[in-house]
Amino acid sequence: MTDSSGQATGASAWALGLLVLLPVPFLGSLAAGGGMIAAYGSLSRQGPLAKQNAALARSWGRLFLIVSTALLLVQLTLGLVRLTQPSAVASGLLPQGIPLLLYVIVCVVHLVVVLVALRRARRGEVVRLPFARSV
């Protein structure tokens, strides 16, 4: 995406983070993280602003992909352990569902970060996240 002066801003890398809204369960987070990582290659050649924003989007996408995948794997492991132990008493969502609950929270935080960053990038600003490493 470009700002009003025609300069590439790298906002499209952040826009790919909205793929988390895909209606296919758990596939959206993989697509969002992977898309944000993959966008860096083409956007890095479109100017310094696009390169900086795409690099930060790549870092955020990588972090989101790793955390969300890890939480889903932990949930899957807990579910498989519960299936193989028929003597265990079912006690509802918690504490076995904590990784799934954390996954939902991570996805909501991801959406907020992506929307704020997309807005800043579309204005032609370099996106700054206080908890991300500077590029």
Side-chain angles (χ1 to χ4, degrees):
M1 294 186 171
T2 58
D3 63 4
S4 58
S5 65
Q7 178 185 9
T9 62
S12 58
W14 286 105
L16 286 170
L18 295 175
L19 287 173
V20 77
L21 297 173
L22 283 176
V24 180
F26 311 120
L27 184 63
S29 62
L30 296 174
M36 292 174 78
I37 293 168
Y40 177 77
S42 63
L43 291 173
S44 65
R45 297 184 292 274
Q46 295 183 7
L49 178 61
K51 184 175 182 174
Q52 286 179 318
N53 282 334
L56 193 58
R58 178 184 62 177
S59 296
W60 177 257
R62 185 181 311 131
L63 177 67
F64 174 67
L65 184 64
I66 290 169
V67 170
S68 63
T69 303
L71 286 170
L72 289 175
L73 288 175
V74 168
Q75 182 64 46
L76 179 66
T77 304
L78 285 174
L80 290 175
V81 167
R82 296 274 303 161
L83 280 175
T84 59
Q85 308 234 341
S87 62
V89 178
S91 62
L93 178 66
L94 297 176
Q96 292 85 11
I98 290 175
L100 192 59
L101 185 63
L102 289 174
Y103 171 78
V104 170
I105 292 170
V106 166
C107 286
V108 170
V109 169
H110 171 75
L111 273 176
V112 170
V113 168
V114 164
L115 290 173
V116 169
L118 180 59
R119 183 172 177 226
R120 287 182 182 166
R122 288 192 60 150
R123 280 193 252 148
E125 302 172 14
V126 174
V127 175
R128 299 277 182 226
L129 298 174
F131 45 83
R133 191 173 47 156
S134 69
V135 183

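Only heavy atoms go into these numbers, but all of them, side chains included; no hydrogens, no water, no symmetry mates. Computed from a prediction, not measured in an experiment: that's the story for all the values here.
- Under the 4.5 Å side-chain heavy-atom criterion for ILVMFWY residues, a single connected hydrophobic cluster contains both Trp14 and Val109.
- Leu65 and Val106 are not part of a single hydrophobic cluster, where members link through side-chain heavy atoms under 4.5 Å apart.
- The side chain to side chain contact (heavy atoms under 4.5 Å, CB included) check on Val108 picks up nothing, with sequence neighbours excluded.
- Listed by chain and residue number, Arg62 satisfy the side chain to side chain contact (heavy atoms under 4.5 Å, CB included) test with Ile66 (two or more places apart in sequence, or in another chain).
- Distance alone, capped at 3.5 Å, places no donor-acceptor pair between the Arg120 side chain and the Val116 backbone.
- Considering CG of Leu56 and CE of Met36, their distance stands at 8.0 Å, rounded to 0.5 Å.
- Taking every heavy atom of both residues into account, Leu43 and Ala54 meet most closely at CB-CB, 3.7 Å.
- In terms of heavy-atom proximity, Ala11 sits nearest to Arg122 at CB-CG, 3.7 Å.
- Listed for the Asn53 side chain is a donor-acceptor partner under 3.5 Å among the backbone atoms of Val127.
- Here Arg123 contributes atom CZ and Leu118 contributes atom CG; the two are 10.5 Å apart, rounded to the nearest 0.5 Å.
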Quick one: side chains of residues 20-31, donor-acceptor pairs under 3.5 Å with protein atoms, not counting sequence neighbours, listed by atom name and distance.
| from | atom 1 | to | atom 2 | distance (Å) |
| --- | --- | --- | --- | --- |
| Ser29 | OG | Phe26 | O | 3.1 |
| Ser29 | OG | Tyr103 | OH | 3.1 |

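- Contact between Gly17 and His110 at its shortest, heavy atoms only, is O-NE2, 3.0 Å.
- Here the CD1-CG distance, from Ile98 to Leu71, works out to 11.5 Å after rounding to the nearest 0.5 Å.
- Note on Val81: it does not cluster hydrophobically with Leu73, by side-chain heavy-atom contacts below 4.5 Å among ILVMFWY residues.
- Transitive grouping of hydrophobic side chains (ILVMFWY, heavy atoms separated by less than 4.5 Å) keeps Ile37 and Trp60 in distinct clusters.
- Atom CG of residue Leu100 and atom CD1 of residue Ile105 lie 10.5 Å apart, to the nearest 0.5 angstrom.
- Rounded to the nearest 0.5 angstrom, Leu63 CG and Arg58 CZ are separated by 13.5 Å.
- Residues Gly41 and Ser44 approach most closely at O-OG, 3.1 Å, considering heavy atoms.
- Leu102 is not connected to Leu76 by any chain of hydrophobic side-chain contacts under 4.5 Å among Ile, Leu, Val, Met, Phe, Trp and Tyr, and they are in different clusters.
- Evaluation of the side-chain hydrogen bond (donor to acceptor under 3.5 Å, both in side chains) rule for Tyr40 yields no partner, not counting sequence neighbours.
- Members clustered with Leu78: Val74, by chain and number, using a 4.5 Å side-chain heavy-atom cutoff among hydrophobic residues.
- Sorted by first and then second residue, the side-chain hydrogen bond (donor to acceptor under 3.5 Å, both in side chains) pairs involving residues 63-74 (not counting sequence neighbours) form an empty list.
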